Amino acid sequence: MISVEEALDKVLSCVEILEPERKPILECLGQVLAEDVYSTIDIPPLDNSAMDGYALRAEDTREATESSPRYLVVVGEVAAGSMPIKKVEPGTAIRIMTGAPLPEGADTVVKFEDTDEVSRKSSRKDLSQIGILCQANKGLNVRCRGEDIARGNLILQKGTVLRPQEIGVLASLGFSTALVIRRPIVAILATGDELIGVDQPLPPGKIYNSNTYTIAAAVSRYGGIPRILGIGRDSVQSLTEKIAEGLDADMLITSGGVSKGDYDMVKDVLAEQGEIGFWTVCMKPGKPIAFGVIKKVEGRKKRKVPHLGLPGNPVSSMITFEQFARPAILKMMGKKVLAKPTVRAIIEDDIASTDARRLFARVVVTNRGGRYHASVTGPQGSGMLTSMVKANGLAVIPESSNGAKAGDMVEVQMLDWGEEQGEVRRLPLVSIVGKSQSGKTLLMEQLIAEFKKRGYKVAAVKHSHGEMEIDHRGKDSWKFSQAGSDAVCISSPDKLAFIKNLDRELSIEEIMPIIGPGFDLVLAEGFKKSKIPKIEVHRKELGDDLLCSPEGLSAIVTDASLETLIADGRKPPVFRWGDTVAIADFIEKSFVLNR
Ligand code: AMP
Ligand code: MG
């Protein structure tokens, strides 16, 4: 019996990224771009107005107010889609609509609401003049040529998964087709003498073939093209014939016929026609699962078709599909993130696991008070497909454990989160570590200032060993917490603080979701024992040794001579103490841009 990871490695080593195809952009949703896309135009192509209003020279609005407007002569009008005929000369304005090109001579647009147009219209005044009611800064409401996309720039990189917004960008650049990695064709065969098609009446002793439909739907969901081969009977001949029909696909998935029963012959056929890679995996449900490659001779060429023989039980077949077929399909499509998106959740029921296999429990995940909770969906028989219908997650109970107790934290694979969620940008996080008095805080301050200068939104986390000094004695928040509240939140117009009592210290990984999105970079001070990227500040007056072992460090900052520290070639990059710009460049390049 091999582990889930070993089994997945074997499956993935037998599937390749498929060739690219060029097709209409609307058919490319979810596919991976196989070429770099450069812009041949500027977007917007011309300076244009972001508002309905008047195009004018900012200079001509100087000191304008509601009580003393500046009056300009209206010399024309320009709508989106047409070109202005007239120029804006000093003392004049042109009425302009959103998206219309900015007339020559104008540098600013003042929106209707900041003019006297409405009152002029209602009092039937002359519209050949307009009163400007406020002073405008040059460039106001003007969208500059090329401000979104500049001609010649790389806009979408090869490898990008095309979402609606990427498809829109392709359209805005005037591309009607794109080169993408093609979708894999997945042949699907159900096996078993007991199976009958859904369009037939149900005779005694038979059951409807449901696996074909679950599997085909899952293939489509993950971007493949299902090819249904029907039902194979429990005989070597029937299976061999049916399997042969599926061999021009990119992958073959069968269900049933892989356990130890007398009629379970999928693996025999696989052994005869190809090579078995494995057929039992240390997981529950889904222990009997076969994988191998079937050899196919096409003229003079030999082809190997990966074959995944899923167990027949509907739940087992679905769960093994998720663990092995899904990543294989994604890899063939050129995707890089193959893992199922997961969350850490508090399990609400005891889950027993006695046979040292990795258990996938069907659970319902809810988010309550900012934390995920998972409760088991009831009876977990591997024939009960309704346990999957109720579930939105699979709690993964490690083979090394005896199960989980209610209240434990468990990892849950989210069934319905798109694979895009797996690609959700993780907030870049770097921690500055070092001995006490090494200057960690000073480096933090310098880095924060440097990243602010570069336009980043930075969050900082301080690891404090002692008491926290923000819960000031005598303040209302302190009074609330003295009265016994477990958390106190203080909200003001420009700041929010949340102070919560804990019964144990949180890891930095647990702190990150609390920081939430909306930042470009999180800089932490301390957390030397965590596995996050760390940069150690080393000061020669505190000794030659480092606090952390160099293998666990992303970089070292020191005021000692560099040579003493870089003797060993495997050591991380070393920066000079005080060279904040170079350190920030390193962090930016390694953790922010190059993820
Ligand atoms: P097997 O792995 O062939 O021994 O099948 C295990 C269990 O799954 C048996 O109870 C089968 O009846 C059931 N089963 C197998 N294939 C299907 C299918 N295509 N649809 C629904 N149930 C199935
Ligand atoms: Mg069977």
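Just follow the structure's listing: the first ligand is 1, and inside any ligand the first atom is 1. What you are looking at is a predicted structure, and each value in this text was computed from that prediction instead of being measured. Here, residue 1 is the first one in the sequence, and each next residue gets the next number.
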Show me the donor-acceptor pairs within less than 3.5 Å that the side chains of residues 192-199 make with the rest of the protein, sequence neighbours left out.
| unit_1 | atom_1 | unit_2 | atom_2 | d |
| --- | --- | --- | --- | --- |
| Asp193 | OD1 | Asp234 | N | 2.9 |

* **Sole candidate of Thr214, Val219, Asn211, Leu308 that passes side chain to side chain contact (heavy atoms under 4.5 Å, CB included) when paired with Phe321** => Val219
* Asked: What residues, two or more places apart in sequence or in another chain, satisfy ring-ring contact (aromatic ring centres under 6.0 Å, His included) together with Tyr456?
  -> Phe451
* Contact residues of ligand 1, where a non-hydrogen atom lies under 4.0 Å away -> Ala190, Thr191, Glu194, Leu195, Ile207, Tyr208, Asn209, Ser210, Asn211, Ser255, Gly256, Gly257, Ser259, Asp264, Gly312, Asn313, Pro314
* Pairwise side-chain contact, Glu510 with Ile508, heavy-atom cut-off 4.5 Å (strictly under) -> no
* Heavy atoms of other groups near Arg371 CZ, more than 12 under 6.0 Å -> no
* **Inter- and intrachain pairs under ring-ring contact (aromatic ring centres under 6.0 Å, His included), touching residues 274-311, at least two apart** => Phe278-Phe291
